[in-house]
Amino acid sequence: MIYIKKLNDREKQKMRAINNIPEIRRVALPSVQIGSFSVMPWAKTMSDDRRPAISELIPNLKMLYTIRVPHYSEGIYSFARKGLHSRTDEEYYKYINTEIELLLEKTTVINDLCDVFIKAKQMWESAIENYKNTYYYRFELLHGDLHTGNIVYYLGKCRFIDWEHIRSAPKEMELSFYLIWCYCQNEQFANDFSQLRLEIEELLIQRLISKDEKERIERLLIPMWFLITICYISNGNLMYAEKRIKALNKYVPLYYKEWSQMR
């Protein structure tokens with residue numbers, strides 16, 4: 001059984017680039033591009049309630065993150081707002097802070113999310129002051145939209161699909177997005193953040209992240225993803241809004257309590 005996906009011009013350009021990078025070919029679901037179509041073998045899809053263990057992803061992530069580049073790409077959330085344009089004129093987190101400020105300016109938060117918005121914004125604004133001048137001299141190549149919907153099982157191993165948002169940035173941006181994704185989707189995902197803590201610790205033990213990156217994930221980036229998700233829901237840019245609103249109203253206050261003890 002095979003799966004066929006029609007590609008637009010931008011997707012075709014990205015797929016050609018991906019097929020020329022050996023490290024990506026080893027972690028991606030095999031595919032063949034035929035004209036405007038990508039042909040892939042059948043693979044078992046994931047769901048938020050059947051999320052793979054972080055240990056299953058680490059070999060792929062280690063392979064992918066060996067690819068280092070000197071500049072970062074523009075865009076947050078889907079990581080593809082302006083494609084692959086590189087920037088060299090601004091420290092990375094200072095740039096991200098500017099992006100968040102622009103997002104906040106054009107967002108009117110809906111009533112159902114006002115309380116958690118205040119908490120998420122407070123966490124972000126407090127933490128970014130410590131990190132916005134963090135210096136980077138190289139960045140990793142990222143999948144760009146790594147969540148359970150873009151991970152499949154193929155021949156007994158995890159593979160990644162849908163590479164249209166490939167980009168470059170510090171790897172903790174992508175890892176934090178993956179770690180918190182399910183908490184932003186479903187209020188039934190967990191009762192607390194014990195699984196999150198174990199997954200972050202596993203990334204540290206396996207040397208996929210450093211202690212500094214662990215700290216940024218916990219103190220800065222998880223609050224950032226909460227804040228961005230709230231803004232995107234309020235702006236009507238995300239599906240399944242009702243389900244996500246319930247999840248955010250459950251998990252943001254819980255994380256705020258834990259975050260306050262980290263400081």
Side-chain angles (χ1 to χ4, degrees), residues 1-48 51-52 54 56-87 92 138-182 184-185 203 208 221 225 228 232 237-239:
M1 185 180 296
I2 61 173
Y3 172 70
I4 301 175
K5 178 180 180 179
K6 187 173 182 179
L7 306 174
N8 60 35
D9 289 341
R10 183 169 172 273
E11 289 170 338
K12 285 190 284 186
Q13 183 179 6
K14 290 280 185 71
M15 290 303 298
R16 283 195 294 269
I18 288 166
N19 288 330
N20 288 327
I21 301 175
E23 292 86 351
I24 292 182
R25 290 204 306 270
R26 292 173 192 163
V27 303
L29 183 67
S31 65
V32 176
Q33 187 174 332
I34 302 175
S36 297
F37 296 90
S38 178
V39 182
M40 295 164 280
W42 179 89
K44 184 179 179 181
T45 57
M46 303 285 182
S47 62
D48 291 343
R51 188 169 179 250
I54 196 70
E56 296 182 80
L57 302 184
I58 286 176
N60 283 1
L61 295 172
K62 282 185 174 180
M63 177 70 66
L64 180 60
Y65 297 154
T66 59
I67 306 171
R68 304 289 180 85
V69 293
H71 308 301
Y72 63 84
S73 307
E74 294 184 333
I76 55 175
Y77 197 72
S78 68
F79 304 134
R81 186 173 65 86
K82 294 186 179 179
L84 286 174
H85 300 163
S86 64
R87 296 178 62 96
Y92 181 74
R138 63 183 183 182
F139 304 88
E140 287 81 22
L141 192 66
L142 309 182
H143 174 278
D145 195 22
L146 188 64
H147 56 75
T148 48
N150 286 334
I151 303 170
V152 298
Y153 276 123
Y154 175 68
L155 298 181
K157 294 183 179 180
C158 288
R159 294 293 188 102
F160 301 154
I161 60 173
D162 290 348
W163 291 82
E164 291 91 317
H165 301 305
I166 189 170
R167 69 185 291 270
S168 57
K171 63 181 178 289
E172 64 258 31
M173 287 288 289
E174 178 152 275
L175 292 171
S176 59
F177 178 78
Y178 175 77
L179 289 168
I180 204 61
W181 166 265
C182 289
C184 294
Q185 312 304 311
L203 294 174
L208 194 60
L221 295 177
W225 291 122
I228 291 173
Y232 270 64
N237 294 330
L238 289 179
M239 299 173 63

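For clarity, every value in this text was computed on a predicted model and none was experimentally measured.
Side-chain contact between D162 and D145: absent, with no pair of heavy atoms (C-beta onward) separated by less than 4.5 Å.
Not a single side chain to side chain donor-acceptor pair (under 3.5 Å) links T45 to another residue, sequence neighbours left out. Every side chain to side chain contact (heavy atoms under 4.5 Å, CB included) that I161 has, sequence neighbours left out, goes to L29, N150, V152. Legend: residues meeting side chain to side chain contact (heavy atoms under 4.5 Å, CB included) with N20, ordered by chain and number and at least two apart, are absent. Residues meeting the side chain to side chain contact (heavy atoms under 4.5 Å, CB included) test with R25, sequence neighbours left out: P22. Residues passing the side chain to side chain contact (heavy atoms under 4.5 Å, CB included) test with K62, sequence neighbours excluded: I58, Q206, L208. Residues passing the side chain to side chain donor-acceptor pair (under 3.5 Å) test with Y153 are E56, sequence neighbours excluded.
The OG1 atom of T148 sits 7.0 Å away from the OH atom of Y178 when rounded to the nearest 0.5 Å. Rounding to the nearest 0.5 Å places CG of L221 at 9.5 Å from CG of L175. Rounding to the nearest 0.5 angstrom, the gap separating the NE2 atom in H147 from the SG atom in C182 is 10.0 Å. Between atom CD1 of residue I166 and atom CG of residue L141 there is a gap of 4.0 Å, rounded to the nearest 0.5 Å. Atom-to-atom distance recorded for S31:OG and I2:CD1 is 12.0 Å, nearest 0.5 angstrom. The distance from the CD1 atom of I151 to the NZ atom of K44 is 14.0 Å, given to the nearest 0.5 Å.
When all heavy atoms are compared, the tightest approach of P30 to R159 is CD-NH1, 3.6 Å. Pairing each heavy atom of K12 with each of G35, the nearest pair is CD-O, 3.7 Å. When all heavy atoms are compared, the tightest approach of L146 to F177 is O-CD2, 3.4 Å.
Applying side-chain hydrogen bond (donor to acceptor under 3.5 Å, both in side chains) to Y65 and the options E174, K171, E140 leaves one that passes, E174.
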Margin query: Please determine whether side-chain contact (heavy atoms from CB on, under 4.5 Å) holds for the pair C158 and N60, giving the CA-CA distance in whole Å, both sets of side-chain angles, and the decisive distance to 0.1 Å.
Written below: CA-CA 8 Å; C158 288; N60 283 1; 4.2 Å; yes
Decide side-chain contact (heavy atoms from CB on, under 4.5 Å) for V39 and K5; before the verdict, give the C-alpha distance in whole Å, the side-chain angles of both, and the deciding distance to 0.1 Å.
CA-CA 7 Å; V39 182; K5 178 180 180 179; over 6 Å; no
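Remark: side-chain polar atoms of S73 are paired, donor with acceptor, to backbone N or O of S168 under 3.5 angstrom. Side chain of H165 to main chain of L142: no donor-acceptor pair is present (N/O by atom type, distance under 3.5 Å, no hydrogens or angles).
Relative orientation of the Y92 and F139 rings is tilted, given thresholds of 30° and 60° on the angle between their planes.
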